[in-house]
Enquirer: 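Can you read through this structure? Questions will come right after.
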Amino acid sequence: MSLTPSSRAGGDETTIMCMLACSGNFGCVYYVHALHKLFFFTQTKYHRLEHLIKAVLLQVQPSVVVLSSSQEADVVDLIRLHDASMDIVLSAPKLFNAETGTRTLIRWYAATQMRLFDDSMAESAATQRQALLQLYSVVPMKHLTLLSCVTPILDYIQSYPNMSVLQIQTISLHTTMHLSSDALLSLQILDSPEFPSKKDKPMSLYGLLNHTVTPGGAMLLKDWLLSPSLDLNVIQSRHALVAFFCALGMDTINELRDLLKHIKNTSRILLHVNQHRASIDEWRGLLEFAYYCLSLVEKFSAMSMTHAAGTVVTKVAEHIDTTLLETMGNDINNTARASENEGRVTVQSNIDANLDDLRVKYNHLDDYLARVAQMIAAVMPIALQPVVRVVYYPQLGYFVTVPRTLHQHVDRESQHLGLALQFTTEHSFYYKNSETYHLDNTVGDVHAMIIDRQIELIQALGERVLEFKNQLLVMTDICTELDCILAFSYAALRYNYHAPRMTEQPNMTIVHGRHPLYEHSTDAFITNNTMLDSPIMLLTGANSSGKSVYLKQNGLIVVMAHIGSFVPADEAVIGLTDKIFTSIQTTEAIDSIHSAFSYDMQQVTEAIRYATPRSLVLLDEFGKGTNPLDGASLLAATLHYFGSMESCPRVFATTHFHELIQQGVVPDQAPFGHFTMLMLMMTRDGDVEDEEMRSLGSLAASDVVEFHYRVTRGHAAGSFGLHCGHQAGLSAEVLERARILGQQVYGGGRQSYRAQWTRSQQDTFAVLDDALVELLEMHHPTIASTTHLFQALGARFPWLK
C-alpha cells in the first residue's frame, strides 16, 4: 500500500481507478492513460458491496486504485482478494468531498473543453455556470459519492507530467454483460501472462480476433471483450457492418486496414501539442491523420449504397468533417516542416515576414562579419591582419578571434586596440571590442531570435489545431471503432464465421458450432449443434470425449455474438445474456486460504445468487473435488435449484456422476435434458460391446474405443477411465486390479468386495510393509530402488507378485 504515486503508473497500459463506498452509496471514476479519458460509473447504489466492487474491477482491470485512507478495511481486502499485486494508493479523506469535486470538474471543463480567449475567463462566474450546465448532459452531477472521487483522481493524475484528461464519458454496468472472474479465465477471453498469444497461435479470444491496426483499436477490442454489450441495437448494428464488409471481400477490407494503419494515438499527440512539446513524428502523425481520414471518406463514398453501407457513410459523413481536416492539413503542411538537422519542427518560408527577414540576415551573416573583420584588422599589427576573424556564437554573441600562436601581439597593444579578452580555447583567443558590442545591440542574437519566433509560430499553429480538439477526438473514436469492425470482418472471412441472429428471448440455438480456439489446434474439428428444448442440459460421456470443449465452445459463441463479431457456426440464434457464470477452471494458489473445491463452491454460489432468466451457467464436473456422495448431491441440488426457479437460466453441466441419471435423481424431463458424447467400442474381433460392461471391463491393447466428439441425446453408462489409463500408459497389472476392484465395489451386487489376500497373507504383508517403510525412511544403501526391493520380496513370497 502506498501514499505516493505508484511505480506502475505512467505507462501506456496504465488505468487508474478511484472509488468510494459509504452508507450504501458507491462512487467510481477511472482514467485510461492511452485514451487520456476519464470515465464515470453511473451506478451509485449497492446492496452487496463485494459483488459490485468485483464487477467493477473485472470490467476496468485497473493497475492502480486510489482510496480514502479512512475507507473501511473490507474494501481494501476485497481489492486484495481480486488481485494481490494491485497498487492501492491512500489519499487524504478531505479530498473525497462532493463540493470540492464539483468545483474541480467545472474548472477542468472550462479550461479544457471550452475554447476561451483568456485563461482568467475560466474562473468567471458566467463561464462556470455555462460549464456546469454542459456537464449535466455528460456526468450525473447529482450523485454526490461519484463527484467525491473527482478531486483525488485528478490530483493523482497531475502527479505525472505525461498524464492529462482530454475527454470524459459515463458508462453503466447495466448495459454490459457481466463475466465472472472464472469465466474470463476458463473461457480464455484474454491472454494470460503464462500463455500469451502468438501471431500464428492464438491462446485467447482476444488473440484470435485482434487483427486491429490502430493503437486505440486493440484497447477498444479488449474493452468490448471485458464488457460485451447488452444493447440489441448496438450489437445488430455491428453485425450488419461486419456483413457489409465481408460482402466487399478481403481485398477491400485490407485496403481499409492499410489506410487505418496510419492513424496514430491522436489523444496523446493533442496532449503534447497542448503542452508545446509535440515531436516531428507527432506533427507528421497529425498530418497523416487528416490525409488518411479524407482517404477513408473518399473510399466509403465510392461504395455501393446498401443499408449497412449507408450507415457507415452516414456516420463517417456526420463525424468526419472533411473541411476541418483539409483546413488543418493545409495549415500544418504550409506552416511546419521537419528539420532533421535540428531535430525539431521548424516553420516554412513565406509564413512570417519577420522570420524571413531574420533568416535572410542569418544566411548573410558570414559575409557581413567578414567585412567587419576587415575593418577591425585594418588598425591591427600587420602580422594579425590576415588572421583576424569576427565570429558569432548563438546566445553568447559576437567576438574578435585571433590564433593562440599570435595572441601576444594583441596583448601588447590590447588597450590601444580596445580589445578585452573573454575566453580562450585550444586554438584561439576571443575578445570583445566596441564593434562586437555594437553587433550585439544592432544585429543581435539572430539564431535565438529565429528559434523564438519559430516557437511562437508553432505554438500558434498548435492553438489553431486545438480549436478542433473535440472533433478530432470524435473522428479518432470513429476510426477506432471501424478498426474493430474490420478486425471482426477479417476474422469472419479468414475463419469462416457466420452472422448470429440476436433476440430478446433467452434462446440458444447453434448449428454446427465450433470452438474458436481449439479448432486451430486439430486437423479435423467435429462440429456440434446446440438445441435447448430444456433449459438445463446435463452432459455425460467418457473422459477426453470432448465435453469440456463443447461447454466452453457455447460460452465463447455467446460472448462473440454480444461483442458484435460473427461466430464459428453455420447458424446461431442467441438470446441476450446478461451474465455468464462458470465453474470450469479450478484455481488454487499457494497463499490462498481456499481449497480447490472451496473455490468451485464459490463460483457456483455466485451463480445461484445472481443468475437471472437471461444468464448462462456453465458447470464442468462440479462436485469432483470431494467424496462422490457429497459431490453428486451438491450437483443434483444445484441443478434442481435452477430448475425450480420461475424462469430458469440456461445451464450446461457435465458430470461423471452417472448414478444421478441411473437412479432418476435428475430425470430426462423438463427442465432437464440428458445428452452424451457419441462413441464406438470394438473388441479385437471387431464386435461392438455393451457400453456398461465395457466401461468396467479390461481393455486389451488391440481393443478400440473411438470417440466421435458428437453430442447426442441420451446418457453414458460409464466414463471409461480405464481406457484413459490405458492410453496414458498405465501398466496392465494396475489396470487389471482396477477392473477387479471396480466390479467388486460398483458391480451392483454381482459379487461383493473381496480382499486380494488371505488373512495370513495380510498379516505377513503388514510386517513386510513396516519393514519397507523403515527401509525407505532410512534410504538403505543396499536398496537401489523400490523395484529391486519388490523383486527381492517377490522371490521370498511368490504370492506378492
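Just so it is clear, the structure is predicted and the values come from calculations on it, not from any experiment.
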Enquirer: For side-chain contact (heavy atoms from CB on, under 4.5 Å), just list the numbers for M17 and L57, CA-CA rounded to whole Å, side-chain angles, deciding distance to a tenth of an Å, and then say yes or no.
Expert: CA-CA 9 Å; M17 173 184 284; L57 292 174; 4.1 Å; yes
Enquirer: Can you list the steps and then say if L166 with K37 is a side-chain contact (heavy atoms from CB on, under 4.5 Å)?
Expert: CA-CA 6 Å; L166 297 181; K37 185 180 286 189; over 6 Å; no
Enquirer: Do you know the tightest heavy-atom contact between A336 and L461?
Expert: CB-CD2, 4.1 Å
Enquirer: Quick one: does S349's side chain get under 4.5 Å of D356's, heavy atoms only?
Expert: yes
Enquirer: Passes side-chain contact (heavy atoms from CB on, under 4.5 Å), K222 versus M219? Steps please.
Expert: CA-CA 5 Å; K222 187 177 291 187; M219 291 197 62; 5.8 Å; no
Enquirer: Might you point out which heavy atoms bring V213 and K261 nearest each other, and give the distance in Å?
Expert: CB-CG, 3.7 Å
Enquirer: Taking atom CG of L324 and atom CG of L472, what is their separation to the nearest 0.5 Å?
Expert: 6.0 Å
Enquirer: Is any side-chain heavy atom of L154 closer than 4.5 Å to a side-chain heavy atom of Y31?
Expert: no
Enquirer: Rounded to the nearest 0.5 Å, what's the gap from CG on L230 to NE2 on H178? Could you check?
Expert: 12.0 Å
Enquirer: Within the 4.5 Å heavy-atom criterion, are L556 and V567 side-chain neighbours or not?
Expert: no
Enquirer: Are D483 and T214 close enough, and set up right, to give a side-chain hydrogen bond (donor to acceptor under 3.5 Å, both in side chains), and what steps lead you there?
Expert: CA-CA 7 Å; D483 189 21; T214 67; 2.7 Å; yes
Enquirer: Would you find a donor on one side and an acceptor on the other, under 3.5 Å apart, between the side chain of T145 and the backbone of G27?
Expert: no
Enquirer: Do C293 and C479 have side-chain heavy atoms sitting under 4.5 Å apart?
Expert: yes
Enquirer: Decide whether S229 and D231 meet the rule of one side-chain donor and one side-chain acceptor closer than 3.5 Å.
Expert: no
Enquirer: Can you tell me how far the OG1 atom of T480 sits from the CG atom of L473, to the nearest 0.5 Å?
Expert: 10.0 Å
Enquirer: Using the six-membered ring of W283, assess whether NZ or CZ of R337 lies under 6.0 Å from its centre and within 45 degrees of the ring axis.
Expert: no
Enquirer: So do the side chains of S279 and V345 get within less than 4.5 Å of each other, counting heavy atoms only?
Expert: no
Enquirer: Does a side-chain heavy-atom distance below 4.5 Å link R107 with Q128?
Expert: yes
Enquirer: Is it the case that atom CD in E298 sees more than 12 heavy atoms from other parts of the structure closer than 6.0 Å?
Expert: no
Enquirer: Please answer whether the main-chain N or O of H562 pairs with a side-chain N or O of W224 as donor and acceptor at a distance below 3.5 Å.
Expert: no
Enquirer: Just wondering, are more than 12 heavy atoms of other shown residues or ligands nearer than 6.0 Å to CD in Q275?
Expert: yes
Enquirer: Is there a donor-acceptor pair under 3.5 Å between the side chain of S159 and the backbone N or O of Y156?
Expert: yes
Enquirer: Any ion pair linking E288 and R284 (charged N to carboxylate O, less than 4.0 Å)?
Expert: no
Enquirer: How many angstroms lie between atom CG of L190 and atom CG of N210, to the nearest 0.5 angstrom?
Expert: 10.5 Å
Enquirer: Between V66 and I16, is any pair of side-chain heavy atoms under 4.5 Å apart?
Expert: yes
Enquirer: For Y206 versus D191, what's the shortest heavy-atom pair and its separation?
Expert: CD2-OD2, 4.4 Å
Enquirer: Would you check, one step at a time, whether the test side-chain contact (heavy atoms from CB on, under 4.5 Å) holds for H276 with E463?
Expert: CA-CA 10 Å; H276 309 303; E463 290 299 318; 4.1 Å; yes
Enquirer: Over all heavy atoms of both residues, which pair between C246 and A492 is shortest? Give the atoms and the distance, please.
Expert: SG-CB, 3.8 Å
Enquirer: Can you tell me how the ring of F39 sits relative to the ring of Y30, calling it parallel under 30°, perpendicular over 60° and tilted otherwise?
Expert: parallel
Enquirer: Please confirm whether the backbone N or O of A561 pairs with a side-chain atom of H239, one donor and one acceptor, at under 3.5 Å?
Expert: yes
Enquirer: Can you name the nearest heavy-atom pair linking Y136 to M141, along with the distance?
Expert: CE2-CB, 3.6 Å
Enquirer: Do the side chains of T335 and Q348 get nearer than 4.5 Å, heavy atoms only?
Expert: no
Enquirer: Tell me whether the rings of H36 and H33 are parallel (<30°), tilted (30 to 60°) or perpendicular (>60°).
Expert: perpendicular
Enquirer: Taking atom types as modelled and ignoring hydrogens, do the side chains of N97 and S148 form a donor-acceptor contact shorter than 3.5 angstrom?
Expert: no
Enquirer: Would you confirm whether Q188, through its side chain, and M203, through its main-chain N or O, come within 3.5 Å as a donor-acceptor pair?
Expert: yes
Enquirer: Are the side chain of N363 and the backbone N or O of R359 linked by a donor-acceptor pair below 3.5 Å?
Expert: yes
Enquirer: Evaluate H498 against F566 for ring pair (Phe, Tyr, Trp, His ring centres under 6.0 Å), listing each step before the verdict.
Expert: CA-CA 5 Å; H498 294 89; F566 281 11; 7.8 Å; no
Enquirer: Rounded at 0.5 Å granularity, tell me how far CE in M449 sits from CG in N354.
Expert: 8.5 Å
Enquirer: Say whether, by atom type as modelled, one donor and one acceptor occur between the side chain of T104 and the main chain of T151 under 3.5 angstrom.
Expert: no
Enquirer: Let's go through T176 and S227 carefully: what are the C-alpha distance in whole Å and the side-chain angles of both, what is the deciding distance for side-chain hydrogen bond (donor to acceptor under 3.5 Å, both in side chains) to 0.1 Å, and is it a yes or a no?
Expert: CA-CA 5 Å; T176 59; S227 311; 4.7 Å; no
Enquirer: Is a donor on one side and an acceptor on the other found under 3.5 Å between the side chain of D331 and the backbone of R464?
Expert: no
Enquirer: More than 12 heavy atoms of other residues, nucleotides or ligands under 6.0 Å from OH of Y291: is that the case?
Expert: no
Enquirer: Would R257 count as a cation-pi partner of Y490, with NZ or CZ less than 6.0 Å from the six-membered ring centre and within 45° of the ring normal?
Expert: yes
Enquirer: What pairs with F468 under ring pair (Phe, Tyr, Trp, His ring centres under 6.0 Å), at least two apart in sequence or on another chain?
Expert: none
Enquirer: Is the ring pair H262/Y292 parallel, tilted or perpendicular, if the boundaries are 30 and 60 degrees?
Expert: parallel
Enquirer: To the closest 0.5 Å, what do you measure between CG (L325) and CD (Q471)?
Expert: 10.0 Å
Enquirer: Report yes or no: does E481 contribute a side-chain atom to a donor-acceptor pair with the main-chain N or O of L220 at less than 3.5 Å?
Expert: no
Enquirer: A cation-pi test, strictly: NZ or CZ of K264 under 6.0 Å from the centre of the six-membered ring of F289 and no more than 45 degrees from its axis. Yes or no?
Expert: no
Enquirer: Which heavy atom of I269 sits nearest a heavy atom of E282, and at what distance?
Expert: CG2-O, 3.6 Å
Enquirer: Please check this pair: side chain of N265 against backbone of P215, looking for a donor-acceptor N/O pair closer than 3.5 Å.
Expert: no
